[in-house]
Amino acid sequence: MDIALSSLPRAARTVALDAAKICLDLFKVMVPILIGVKILKELGWITYLAKPLAPLMSLVGLPAECGLTWATAIANNLYAALAVHAALVPDMAPLSVAQATVIATMMLIAHNIPVEGAIAKRCGVGFWGQAGLRLGCAMACGMVLNAVFGAFGLFADPAPLLFAPAADDGSLATWAVGEVKNLGMIYVVIACLVGLMRALDALGVTRLFEAALMPFLKLMGIGGGAATITVIGLVMGLAYGGGLIMHDVHKGKVARRDVFPAISLMSLSHALIEDTLLMYLIGATMWGTFVGRLLFSLLVVAALSRLAAGLSRPRLA
């Protein structure tokens, strides 16, 4: 017991250093893009992203104004998109719960593309391929949800808007302090995850967990080495899961063939708890934001994995 206790400070230092290395890779990608997006926002250029998206909104049963909400989500984070959505609501027809669920699910599938796409690229997956996958799947899932909700007359009640944007004095200092806090929180979460994974591995829980998941993961084309990390990404977010995968690929702990399905699944469905709860603020239902999104993502990644396996299989002469 004394030996175990005496090794705790050393283990804590190791975890802190490993988390710092992971975050260094992440922040090299995130910080320049966060600054670039801030510049675009200040210049008002993000508004131009909404113009080509407005006609697409009619395909998913949404008013044209929702194009600006989705454009903001694509270029930035969900909080910024919710702030824009809250500002737009008074100027457009009231949304039903079904419509709120459609735009919420589309935002959940395709948001923060510059940052998260860059993270995926650092993991060895193409930026534009992942961006196209997320944007295409967001539209496809929105169309499916709109068709199902409309066919069965589901969730036709008005959507309550519970989200009120936080007061912002618009200063550069306020923005910078907020982003530093966000980056600090990412470090804390990653350090906790690294420590948790070390503990689970030492206790043998990781091997049991991976064994239980293997039938499910085989369907996705994801091998055992990426099992736990994929689940972490699904629950916590792509920044966390992607950072851990990036680290383990470099260490040789995750096979490169597992990276594409793992990152793709995390790209389409990540932060399943936090982000799903967040969408309650605009009146969305979990039947779309959680159940619909997850089932849709599993089917897409399973199909892509089988397609990739078929293309890579050598043909007989």
Side-chain angles (χ1 to χ4, degrees), residues 29-30 33 36-37 40-41 45-82 84-85 99-123 125-147 233-234 237-239 241-242 259-272 275-276 278-279 282 284 288-289 292-305 307-308:
V29 175
M30 293 177 68
I33 292 174
V37 170
L40 292 176
K41 287 175 63 179
W45 290 358
I46 287 181
T47 304
Y48 293 106
L49 290 173
K51 291 186 177 180
L53 293 174
L56 297 178
M57 295 299 98
S58 62
L59 298 178
V60 292
L62 294 174
E65 293 86 347
C66 286
L68 181 56
T69 300
W70 193 34
T72 305
I74 290 169
N76 211 306
N77 57 45
L78 292 173
Y79 294 96
L82 289 175
V84 170
H85 185 77
Q99 288 176 308
T101 301
V102 169
I103 185 60
T105 304
M106 291 175 66
M107 287 194 293
L108 291 175
I109 293 176
H111 65 267
N112 211 7
I113 297 291
V115 172
E116 294 183 349
I119 292 171
K121 183 177 180 181
R122 290 294 296 272
C123 294
V125 180
F127 175 92
W128 293 111
Q130 285 294 300
L133 175 67
R134 293 180 69 176
L135 292 170
C137 285
M139 277 299 303
C141 189
M143 293 173 69
V144 170
L145 290 176
N146 179 55
L234 290 173
L238 182 60
V259 174
F260 173 76
I263 291 295
S264 296
L265 183 57
M266 284 190 285
S267 292
L268 298 177
S269 280
H270 58 264
L272 283 169
D275 287 357
T276 298
L278 194 61
M279 290 303 127
I282 62 171
T289 56
R293 175 170 59 128
L294 182 58
L295 288 177
F296 183 87
S297 302
L298 294 175
L299 289 172
V300 167
V301 176
L304 288 176
S305 297
L307 177 62

Evaluate the side-chain proximity of [Y] to [X]: yes if any heavy-atom separation is below 4.5 Å, no if none is.
X      : Y      : value
Thr69  : Leu82  : no
Arg134 : Glu116 : yes
Trp70  : Leu135 : yes

Taking atom [atom1] of [X] and atom [atom2] of [Y], what is their separation to the nearest 0.5 Å?
X      : Y      : atom1 : atom2 : answer
His111 : Ser267 : NE2   : OG    : 9.5 Å
Trp128 : Ile113 : CH2   : CD1   : 10.0 Å
Ile109 : Ile74  : CD1   : CD1   : 11.5 Å
His85  : Cys66  : NE2   : SG    : 6.0 Å

Show me, pair by pair, the donor-acceptor contacts under 3.5 angstrom made by side chains of residues 293-300, not counting sequence neighbours?
unit_1, atom_1, unit_2, atom_2, d
Arg293, NE, Thr289, O, 2.9
Arg293, NH1, His270, O, 3.3
Ser297, OG, Ser269, OG, 2.8
Ser297, OG, Arg293, O, 2.7

Give me the atom names and distance for the closest heavy-atom approach of [X] to [Y].
X      : Y      : answer
Ala284 : Ala100 : CB-O, 3.9 Å
Ile282 : Ala104 : CD1-CB, 4.0 Å
Met139 : Leu56  : CE-O, 3.8 Å
Leu62  : Gln99  : CD2-O, 3.4 Å
Pro114 : Phe127 : O-CE1, 3.8 Å
Met107 : Ala81  : SD-CB, 3.6 Å

**Message:** Just to verify, which of Ile103, Leu78, Thr101 counts as forming a side-chain contact (heavy atoms from CB on, under 4.5 Å) with Met279?
**Reply:** Leu78
**Message:** Between Ser264 and Gln130, is there a side-chain donor-acceptor contact under 3.5 Å, judged purely by atom types and distance?
**Reply:**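 Yes, a side-chain donor-acceptor pair sits under 3.5 Å.
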Sequence neighbours left out, cut at 3.5 Å: what donor-acceptor pairs do the side chains of residues 140-147 make with other protein atoms?
none

